[in-house]
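Lettering follows sequence order; numbering is per chain, from 1. Computed from a predicted model, the values in this text were never measured in an experiment.
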Protein chains: 2
Amino acid sequence: MKTIEELLESKGIRVTAMRLLIYKFLTEKQVAVRLSDIENSFDKADRTTLYRTIKTFEEKDIVHQIDDGTGITKYALCEKGCNCEIETDLHLHFHCNNCNETVCLTEHKIPQIKVPDGFVSENVNLVVKGICDKCSGQ
Amino acid sequence: MKTIEELLESKGIRVTAMRLLIYKFLTEKQVAVRLSDIENSFDKADRTTLYRTIKTFEEKDIVHQIDDGTGITKYALCEKGCNCEIETDLHLHFHCNNCNETVCLTEHKIPQIKVPDGFVSENVNLVVKGICDKCSGQ
DNA sequence: ACAATAAATGCACTTCCTTTGCATTGATTA
DNA sequence: TAATCAATGCAAAGGAAGTGCATTTATTGT
Ligand SMILES: [Mn+2]
Ligand SMILES: [Mn+2]
Ligand SMILES: [Zn+2]
Ligand SMILES: [Zn+2]
């Protein structure tokens, strides 16, 4: 079991107190978070630092960005071996219209999508909206 | 063949000069447009009027909104018989990473997406990104 | 045709999120 | 220890979405 410090270093990211805190926050949350979610969870956290930290994490494939249609970009930790760049690896995301939370359905890959001749598919974003398991009451 | 005036009236929308212009602009464009695209295509057009016009069109199912992941909402005319509210009718959208344009692939419906037990799917947004037919050069 | 009424438009302003510039602090290396 | 580079914090800019209100334009009833 790798420590967080080791993980960050293995990705070429310097370990800082802030980065450890943000990473820890992401592991504890089971849902995709907005920048403001992180901001509100810390007393003295600067938006800019959060922003740049999450961008660093994104570049190094530690988190991936999620556009769930709310207009606010969210982020979630990549699973072990999550190759977000590879189309065939892409999982789908679920946005709950009730509790407004967005989760990664890591086990559910996006099916192969046929596009017309002449079009080249490089990437697919699929968001399902509805009622999540917590809110559907079973 | 219905005139634009007749179409608008049949949907319960009053005909105005601005609305005709905007509708015409949408028919001529073969791609999804941003509010600012419309704004820039007219000399003396107020953002608010465009905004409210497009919202009116949206309510009356004349256009549908497209979230292609660029962070800017786009709009495109609904095809004849496009029931945007019905999940099974939803077509997919293609965003070109080269020319940055987004098109409706009206003929290509979104396949049935399986979600885990407890989750209820009400709506699906699917955007394919890649290279469009114009840009792929064939 | 005219007055009364309602809808559409234009202007100004607000809010929210994202992004950048720059000075400062902190860590790393020679 | 000095020089160098990365991370942080503050401030401000930018872009898009949305709202309030006064004005113009269209519709309706007399
Ligand atoms: Mn995910
Ligand atoms: Mn469409
Ligand atoms: Zn929920
Ligand atoms: Zn293209």
If I take atom CD1 in residue B/I22 and atom C1' in nucleotide C/dA8, what distance separates them, rounded to the nearest angstrom? 12 Å

For A/K44, report the nucleic acid contact type (base, sugar-phosphate, nothing); a contact means any heavy atom under 4.0 Å. nothing

Can you see if the side chain of A/T16 gets near the phosphate of D/dT8 - specifically, an N or O under 4.0 Å from OP1 or OP2? yes

Under a 4.5 Å cut-off applied to non-hydrogen side-chain atoms, are B/P111 and A/I113 in contact? yes

Within the structure shown, what part of the strands sits under 4.0 Å from A/T73 by heavy-atom distance: base, sugar-phosphate, or nothing? sugar-phosphate

Is A/V127 linked to B/L90 within one hydrophobic cluster, defined over Ile, Leu, Val, Met, Phe, Trp and Tyr using a side-chain heavy-atom separation of less than 4.5 Å? no

Counting N and O atoms only, with roles assigned by atom type, does the side chain of B/K129 sit under 3.5 Å from a partner on the main chain of B/D68, one being a donor and the other an acceptor? yes

Looking at A/E39 and A/R34, is there a salt bridge between them, counting it only when a charged N and a carboxylate O are closer than 4.0 Å? no

Between the main-chain N or O of B/R14 and the side-chain N or O of B/R19, is there a donor-acceptor pair closer than 3.5 Å? yes

Atom pair distance, as rounded to whole Å: CD1 in B/I72 and P in C/dC17: 17 Å

Does anything in residues 46-53 of chain A reach DNA chain C, meaning a heavy atom under 4.0 Å, and if so which residues? A/R47, A/T48, A/Y51, A/R52

Crowding at NZ, A/K24 (>12 non-hydrogen neighbours, <6.0 Å): no

Output the rounded distance in Å from CD1 (B/I38) to P (C/dT9). 13 Å

B/S/- along nucleotides 24-30 of chain C (protein heavy atoms under 4.0 Å) is -------

Whole-Å distance between D/dA17 P and B/D37 CG? 11 Å

Considering only heavy side-chain atoms of B/L35, the closest of D/dA17, C/dT18, D/dT8 is D/dA17

Interatomic distance where OH belongs to B/Y23 and P belongs to C/dA8 [whole Å]: 18 Å

Nearest-Å distance, CD (B/E39) to C1' (C/dC11)? 13 Å

Do B/H95 and B/T102 get their side chains close enough for a donor-acceptor pair, meaning under 3.5 Å? yes

Could you tell me how far apart B/E59 (CD) and C/dA8 (C1') are, to the nearest whole angstrom? 14 Å

For the hydrophobic clusters of this structure (ILVMFWY residues joined by side-chain heavy atoms under 4.5 Å, transitively), does one cluster hold both B/M18 and B/Y23? yes

To the nearest angstrom, the CD-C1' distance between B/Q65 and D/dA17 comes to 11 Å

Should A/E9 and A/K2 count as side-chain neighbours, where that means a heavy-atom distance under 4.5 Å? no

